[in-house]
Amino acid sequence: MTAVLEAHALGRKYGRRWALRECTVAVPAGRVVGLVGPNGAGKTTLLKLASGQLGPTTGDLAVLGGRPGNTPAQLARVGFVAQDTPVYPGLTVAEHLRLGARLNPRWDASLARERVARLGLAPGRRAGRLSGGQRAQLALTLGLAKRPELLILDEPVAALDPLARRDFLEGLGEAAAAHGLSVLLSSHLVADLERICDHMIVLVGSRVRLAGDVAGLLASRPGLGLEDVVLAAMHEGAGR
Amino acid sequence: MIWLTWRQFRGSAALTAAVLVVLVTALGLTGPDLAGEYAAGIAACVPAETCPDFFDRFFGAYDLLFLGLTLVVLLVPALIGLFWGAPLVTRELEAGTHLLVWNQSVTRRRWLAVKLGIVGLAAVAAAGVCGLAVTWWSGPLDRSAVPEMAQMAPVVFGARGIAPMGYAAFAFVLGVTVGMLVRRTLPAMALTLAVFVAVQAAVPLLVRPHLMPPVTGTFELGRENVDGIAAERGGSLHVFLRTSAVPGHPGAWVLSSDLADPSGRLGAGTAEGLAGPSSTVARSIPISTTSGPCGPSMGAATPGAHPCLDAINRLGYRQQASYQPLGRFWPFQWIETGLYALLTLGLAGFCLRWIRSRLS
């Protein structure tokens, strides 16, 4: 199993507070990986470190075999959809696609155009006037059309209603399958991840409590649903 | 990146350009008339030797407009710092869009460098157009202004020539820097304004007088450097010495002006508490106020009351002044603009470092 992300004793401090500490984790390639954990487990910090938004305070981190961060080449290989899927309210949908085309050498213009058309997003519409679900889809489109090798999403559906949530995750799953993309997404709702993830990592207090393919996890605990398995791991982690 | 920068900036750029077009058009239409009026006045006053009176009348007729335009040029850099500089990064941080744009295949450093370059050049251009247009329009008024409002005077100097361009570049990058450190738009705007005003006050007070060593000189008392003479009935003589003019150097920026007694001692008999912004008062001059040239027949407060001033000059009293002559206007403009350019580059370098290592 090759890893798209490998962290070893990774730590990040904000001022005096450790947001992530002694984190060792490996994310396999070619999978849709769900990262679950309670609030404050360090999920967002880990994802920001992986996309190079933050630098580590301690430890090592390799993403796609390279150091995350500041070279255009590395940035081009990793896509990132931030929490609450921010877009520019004053720019239109078409202008967002233009932004993507201007700022990314591997931009897939036809993918972006087709996806926007299929979603029914009017190109001339300002992003500020889109619904939450549409904004999330626009942000996802930007992330996908960049044609990264690894797409990281931080709680992308947390603010969406159930219908928009389903549409978003379905779209993500299809795109991942179509392009052989590795995906790493975080959520605190196991039900969301269960829909599209084939691999699961449970992070509690920066430590990996459980990691494995979904099929394997379910087989090892017959009679339990994925949610029960994950919750059991979280309790175990919190109890230590 | 250039396209995105322009797309995000074009609204405020268009607004600024529109305001500038109105201003420049108004100045362009009225400037020639003003210059014509000045030329006609000079042609009339030179043969009659009444030019000081013409200058007073001419400047007095336009002084409000003159001050207003000067104020506009001084304000432009501050506004640029507030509305272009401070929100440049904070707006992205507050909307979370930094996470969108910094995850495209462009490094943060390049993102910031392009933004600083394009918006910074626009800032310099806007302040330059505004400053040079006002400089051109105010030319006749600058040549007839009272000494306190001459081109070298602290307030006017900063609104003429090329200095406003330096101020604008500095204010813009200062706004960006403060925004990065404070991370929220409104506090960043407030802090940018406070710092910029402090710098703009400190430079004329503490730095500009020393850009070149000031010229010092001693001058006889006369109409140009004495505001008036008064004597209390039978008491001591009061000489109101101007603090903003020296004879023979019109338009000079006078840094200090004192009355020196015959032995060369400074501040001789300067009345404590009576020194005002435009004159210092000396009152222990040993001369009779009951008879002679400075006697009651002199009349109170007549500027250029020559017999009495001649008598004081004969006693050996002189104005001792240090000043920056008007001829140094352009050297000072270049030096000061250069200083602000260095400050701007320093802050820009800091920003490019900071955005890579500290901001997330």
Side-chain angles (χ1 to χ4, degrees), chain A residues 12 14 19 44-45 47-55 68-92 94-96 98-107 127-128 135 138-140 142-143 145-148 150-154 159, chain B residues 1-16 83-84 87-119 179-185 349-360:
Chain A
R12 167 71 198 196
Y14 287 109
T44 295
T45 304
L47 297 185
K48 281 190 171 177
L49 286 165
S51 64
Q53 294 296 305
L54 288 177
N70 286 312
T71 67
Q74 181 76 14
L75 281 168
R77 296 172 72 197
V78 180
F80 185 81
V81 177
Q83 208 160 1
D84 301 327
T85 57
V87 289
Y88 287 105
L91 299 196
T92 64
E95 282 169 334
H96 275 89
R98 191 161 176 200
L99 178 161
R102 293 280 177 147
L103 301 188
N104 296 290
R106 304 205 289 201
W107 182 255
R135 269 194 298 125
L138 177 59
L140 177 61
L142 282 174
K146 182 183 175 184
R147 297 305 296 271
L150 168 66
L151 182 61
I152 298 173
L153 304 98
D154 185 11
Chain B
M1 202 44 239
I2 293 172
W3 172 80
L4 176 63
T5 303
W6 170 242
R7 176 61 190 82
Q8 288 184 285
F9 177 58
R10 69 180 187 194
S12 44
L15 183 70
T16 309
F83 292 101
W84 292 3
L88 191 87
V89 175
T90 59
R91 204 175 38 206
E92 306 268 351
L93 294 176
E94 283 174 348
T97 45
H98 64 298
L99 292 174
L100 176 71
V101 75
W102 293 350
N103 278 296
Q104 309 303 314
S105 314
V106 167
T107 61
R108 283 184 235 180
R109 197 176 264 205
R110 170 130 176 269
W111 175 86
L112 183 64
V114 173
K115 290 226 157 196
L116 286 180
I118 291 180
V119 184
M180 264 191 192
L181 298 178
V182 176
R183 293 163 150 260
R184 285 185 301 139
T185 304
F350 171 81
C351 286
L352 291 170
R353 239 166 224 284
W354 187 267
I355 199 170
R356 178 160 174 186
S357 61
R358 302 300 294 273
L359 209 60
S360 62

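Sequence lines set the chain letters: A, B, ... in the order given, protein chains first and strands last, and positions in each chain run from 1. If you're wondering where the values come from, they're calculated on a predicted model, not measured in any experiment.
Residues satisfying the side chain to side chain contact (heavy atoms under 4.5 Å, CB included) criterion with B/R109, sequence neighbours excluded, are B/T107, B/L352, B/R356. Evaluation of the side chain to side chain contact (heavy atoms under 4.5 Å, CB included) rule for B/F83 yields B/L79, B/M189 as partners, not counting sequence neighbours.
Atom-to-atom distance recorded for A/L75:CG and B/R110:CZ is 11.5 Å, nearest 0.5 angstrom.
Among the candidates A/L142, A/T85, A/D154, A/L91, the residue making the largest number of heavy-atom pairs closer than 4.5 Å to chain B is A/L91. Here A/N104 is the residue among A/V81, A/N104, A/D84, A/V78 with the most heavy-atom pairs under 4.5 Å with chain B.
The only member of B/Q8, B/R91, B/E92 that meets side chain to side chain donor-acceptor pair (under 3.5 Å) when paired with B/T97 is B/E92.
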Kindly indicate, with the supporting measurements, whether the criterion side chain to side chain contact (heavy atoms under 4.5 Å, CB included) is fulfilled by B/S105 and A/K146. CA-CA 8 Å; B/S105 314; A/K146 182 183 175 184; 3.7 Å; yes

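For A/R77, no part sits under 4.5 Å from any heavy atom of chain B, backbone or side chain. A/T71 touches chain B through its backbone: at least one of N, CA, C or O sits under 4.5 Å from a heavy atom, while the side chain does not. Contact of A/Q83 with chain B is not made at all, since no heavy-atom distance falls under 4.5 Å.
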